[in-house]
Amino acid sequence: MAHKLVIVESPAKARTIGGYLGQGYVVESSIGHIRDLPQSAADTPAKIKDKPWGRLAVDVDNGFEPFYVVPRDKKSHISKLKTLLKDADELYLATDEDREGEAIAWHLLDELKPKNIPVRRMVFHEITKPAILAAAENPRELDMDLVEAQEARRILDRLYGYEVSPVLWKKVMSGLSAGRVQSVATRLVVDREKERMAFKAASYWDLEGSFDAGSGADVRMFPAKVYSVDELRVARGSDFTDAGVLKDSAAGKVVHLDRPRAEALASALADTRFDVRSVEAKPYRRSPYAPFRTTTLQQEASRKLGMSASVTMSVAQRLYENGFITYMRTDSTTLSGGAVEAARSQVRELYGAEYLPDAPRTYASKVKNAQEAHEAIRPAGETFRTPGQTGLTGEQFRLYELIWMRTVASQMKDATGQSVTIRLGGAAATGEDVVFSATGRVITFHGFLKAYVEGTDDGKRSDDSETRLPQLAEGAAVTAASVTADGHETKPPARYTEATLIKELEDREIGRPSTYASIIGTILNRGYVYKKGTALVPAWLAFSVIRLLEEHFPRQISYEFTAVMEDVLDEIAGGRADRNSELAKFYFGTGDVEGLKTLVDELGDIDARDNATFPIGGADSGIQLRVGRYGPYLETVSKDGEDDDGNATGKRANVPDDLPPDELTLAKAEELFKNPAGEEIELGSHPDTGLQVVAKNGRFGPYVTELLPDDAKKGTKPRTGSLFKSMSLDTISLEDAVKLLSLPRVVGADPESGDDITAQNGRYGPYLKKGTDSRSLASEDQLFTITLDEALKIYAQPKQRGRAAAAPPLKELGNDPVSGQPVVVKSGRFGEYVTDGEYNATLRKDDSVEAITLERAAELLAERRERGPAKKGAKKTAKKATAKKATAKKSTAKKSAAKTTAKKAAKKSTAKTSAAKKS
DNA sequence: CAGTGAGCGAGCTTCCGCTTGACTT
């Protein structure tokens with residue numbers, strides 16, 4: 001039976017709209033984008049892999065043609081849509097009416113390829129029955145200019161991300177990333193930290209008085225602060241620069257009180273009679289806040305409910321899917337007509353008509369690049385459920401309540417009242433004329449504040465706070481109950497939190513509602529930033545990355561880059577600019593501006609070593625910080641203290657993981673050299689030597705060592721020993737440590753050669769050593785238990801065979817159709833792989849030992865074979881390798897364990913495989 | 001950054017934006 005197929009983006013939306021359209025329509029969703037540039041090498045089709053631009057999947061030399069693929073997890077969904085399309089007599093592409101939505105519609109069209117049926121583009125901005133029916137009646141055509149604008153955005157982001165990230169792999173650390181959005185977000189955090197590092201606190205004093213208005217006053221006691229001394233205003237925090245000195249604008253106009261002066265004044269005012277010099281009353285008026293959009297919801301959920309951006313979004317997602325709220329990824333503050341009515345009727349019911357403005361309030365978008373494909377975030381439906389009526393609990397309840405209150409409040413009247421400033425003056429015993437100032441606020445009509453008060457980030461006073469002052473007339477006499485001197489220091493700018501960083505990004509038009517939460521996730525995952533409480537602290541790694549980007553990609557990492565890009569995209573969407581020429585400007589450059597490609601090609605200019613080095617406490621301090629593979633460390637430098645390679649030959653000291661950069665002062669650095677960081681766990685003194693035994697985390701993982709006395713002979717090295725796999729730093733005992741330090745153990749002498757056979761723990765695990773001949777041991781315990789006889793038995797066997805039997809393949813799959821050889825799955829240094837004895841192919845991300853079939857294995861092997869034995873006689877090596885491979889088995893497991901510990905040791909940063917490789 | 005002996009499948013990492021389940025505990 002024929003139907004009209006309508007495709008929207010979200011399944012929840014499809015359900016709702018399906019209900020409105022009724023019979024004759026089938027409403028399905030695309031579940032977001034259905035095609036994209038291939039994300040990784042595994043997803044890149046073989047036919048473009050070999051092209052010079054294959055890695056980018058954009059043919060930069062031929063019109064920046066993108067090569068799209070349907071991601072694996074979308075394939076079945078596409079078949080489902082194709083099936084539905086077979087029985088359809090009309091196709092409605094009803095994705096969002098913004099750049100991305102238009103592109104999704106075009107991708108659907110291009111991928112589904114409907115034949116001989118009309119295709120229409122249907123758009124709507126609110127999900128109500130009349131709006132949907134009207135939209136179905138008034139379809140339009142696909143806007144190809146808008147699609148081109150989206151492609152330009154997509155391709156630019158790909159080129160930026162996939163060209164600049166590899167620069168970081170080469171020059172900073174493997175696995176890092178750069179991008180139009182994340183790099184600027186990281187830069188914001190780094191720049192803020194730099195401001196904090198450069199900040200010098202200024203100290204200033206003032207006077208705090210408690211005044212008595214007399215027994216007849218409506219408010220008797222009230223506080224006031226000193227305002228001026230001899231008509232010069234007393235300096236406050238905002239009069240100082242970040243360098244800790246008075247601003248030019250304040251010079252000559254303020255008096256900067258220090259402690260002696262403030263204390264002298266305070267005591268000279270003890271018996272002073274004050275009179276009211278002026279009373280100034282101003283009306284106070286506050287309008288309600290606009291309904292929530294994604295960023296404001298994230299900020300308020302953070303301030304009021306303590307939710308991270310990602311938690312907020314997933315709770316909101318559940319509320320949306322279950323029909324409690326409208327869509328949560330939006331940059332619009334607009335309410336539909338029905339929503340305004342629903343809010344107004346709840347104002348009337350819950351607060352009374354006096355809280356309801358005569359006309360509905362409307363909120364224009366403050367977001368400059370807003371695309372307004374959705375409504376504001378509000379309770380769903382034409383009438384709002386109060387939180388109590390929803391039956392929700394926990395986080396969902398609290399978030400719903402927040403959204404509900406904000407929405408209702410947005411349709412309430414302004415709050416009004418009065419703010420009053422009273423100035424009191426008197427003469428100090430020492431002769432100065434001193435004026436105090438008190439400010440109060442009284443709210444006479446709370447209006448929307450009755451329903452909702454926005455939170456603050458930095459303890460500023462909230463919109464509903466009140467301070468009452470007495471009714472005083474000019475000239476009235478007032479006495480001071482007490483005057484005390486009060487010391488203050490200016491504070492450095494606060495670090496960003498998730499919520500404030502997101503706000504900053506939105507203000508700068510960077511990122512979109514669907515990505516704000518994940519931007520935070522990206523910079524955390526890369527190890528650029530870590531959280532200390534709610535504050536975002538940049539790692540030194542981020543300083544290194546941002547320095548490289550600032551020096552070599554200044555335009556791309558500028559704060560204005562995205563805003564400028566948005567303007568260009570608008571031009572493309574309006575048909576006034578051309579996609580290809582704009583991309584060419586970005587990638588190849590223009591006459592006066594270098595393009596991205598040129599910058600990347602000039603990579604050789606970047607000195608990775610310099611880029612990772614930061615002087616501490618000025619260039620001549622003799623101490624520098626370096627960002628190393630295992631995290632940041634300090635190094636002493638002297639002018640000529642470098643070897644031929646420019647390596648500093650000085651001392652080194654670790655920097656603790658959680659030491660924020662702005663706390664690493666020169667003094668702190670010197671302290672770290674004295675008391676090397678890295679938790680040292682004291683285990684007690686050694687029963688034989690009496691030396692202190694400690695456990696530490698080192699570059700090869702946890703180990704124990706003994707502390708030599710300061711007067712130890714030069715050249716004596718402390719004994720050390722790695723912890724066994726079964727031990728941990730938290731639980732290790734002195735006995736364990738003593739045993740570890742006793743290694744290597746002499747098992748006995750080889751009767752043939754007379755050489756000692758020793759048992760010791762090494763890089764590849766426990767092993768026996770006799771001269772230069774070594775044999776691995778099966779377990780660490782054997783180090784202590786193995787007897788000479790057993791050791792000799794092990795040595796009696798040839799090296800390889802001893803371990804060959806212990807390494808069977810994980811799975812046998814049958815014979816390869818090409819080579820005819822048996823294909824087996826094995827586990828190796830680099831993970832699981834399949835081999836036919838000649839070629840080896842690593843399993844890809846989506847493969848598993850359990851699920852892999854012979855077909856898939858053959859596919860992987862065929863791919864591998866296609867690349868051929870590219871490297872130095874790989875064929876031979878491969879063969880040889882296979883013969884010996886089994887012997888590598890045991891140690892491989894060990895190695896990957898070492899990898900894990902190295903990773904942990906390498907700070908929270910993402911020291912990828914390279915870390916383990918080097919060690 | 002604690003110097004610890006073999007011989008050993010390389011290949012991939014990465015962007016931004018639009019959307020949900022699929023996983024396991």
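Within every chain, numbering begins at 1; the chains are lettered A, B, ... in the order of the sequence lines, protein sequences first and strands thereafter.
For A/Arg153 and B/dC18, the shortest distance from a side-chain N or O to OP1 or OP2 is not below 4.0 Å. OP1 and OP2 of B/dC16 both lie 4.0 Å or more from every side-chain N or O belonging to A/Thr515. Between B/dC15 and A/Gln182, a contact under 4.0 Å exists linking OP1 or OP2 to a side-chain N or O. Close to B/dG17, at under 4.0 Å from its OP1 or OP2, lies no side-chain N or O of A/Gln150.
With B/dC15, B/dT20, B/dC16 as the candidates, the nucleotide lying closest to the side chain of A/Val181 is B/dC16. Each of B/dT20, B/dC18, B/dC16 was ranked by its minimum atom distance to the side chain of A/Arg154; first place goes to B/dC16. Side-chain proximity of A/Ser174 to B/dC18, B/dC15, B/dT13: nearest is B/dT13. For A/Ser722, counting side-chain heavy atoms from C-beta on, the closest listed nucleotide (B/dT14, B/dA2, B/dT19) is B/dA2. Considering only the side chain of A/Pro166, B/dT14 comes nearest among B/dT14, B/dT19, B/dT13. Checking B/dC16, B/dT14, B/dT20 against the side-chain heavy atoms of A/Arg329 singles out B/dT20 as nearest. Of the listed nucleotides (B/dT19, B/dT13, B/dC18), B/dC18 has the atom at the smallest distance from the side chain of A/Arg512.
Side-chain to base pairing of A/Arg158 with B/dC16: no donor and acceptor N or O lie closer than 3.5 Å to each other. Put simply, the side chain of A/Ser165 and the base of B/dT13 share no donor and acceptor less than 3.5 Å apart.
To the nearest 0.5 Å, atom CZ of residue A/Arg153 and atom CZ of residue A/Arg512 are 9.5 Å apart.
Counting any heavy atom pair closer than 4.0 Å across all strands shown, A/Arg180 reaches sugar-phosphate atoms only and no base atom. Among the heavy atoms of the strands, none lies under 4.0 Å from A/Pro718. Backbone-only engagement by A/Ser10 is indicated by non-hydrogen atom pairs under 4.0 Å involving sugar-phosphate atoms exclusively.
Positionally, the nearest nucleotide of DNA chain B for A/Asp157 lies more toward the 5' end than for the other of A/Asp73 and A/Asp157. Between A/Tyr162 and A/Tyr327, the residue anchored nearer the 5' end of DNA chain B, judged by the nucleotide with its closest heavy atom, is A/Tyr162.
Salt-bridge formation is not detected for the pair A/Glu151/A/Arg158: no Lys NZ or Arg NE/NH1/NH2 atom is positioned less than 4.0 Å from an Asp or Glu carboxylate oxygen. Between A/Asp96 and A/Lys13 there is a salt bridge, with a side-chain nitrogen of the basic residue lying less than 4.0 Å from a carboxylate oxygen of the acidic one.
Considering A/Val694, A/Leu691, A/Val693 in turn, A/Val694 is the only one that fulfils the side-chain contact (heavy atoms from CB on, under 4.5 Å) rule with A/Leu707. No option in A/Leu156, A/Leu56, A/Val600, A/Val58 other than A/Leu56 meets the side-chain contact (heavy atoms from CB on, under 4.5 Å) test with A/Tyr587.
Atom pair A/Phe673:CZ and B/dC1:C1' shows a separation of 11 Å (rounding to whole Å applied). Atom pair A/Lys171:NZ and B/dT13:C1' shows a separation of 18 Å (rounding to whole Å applied).
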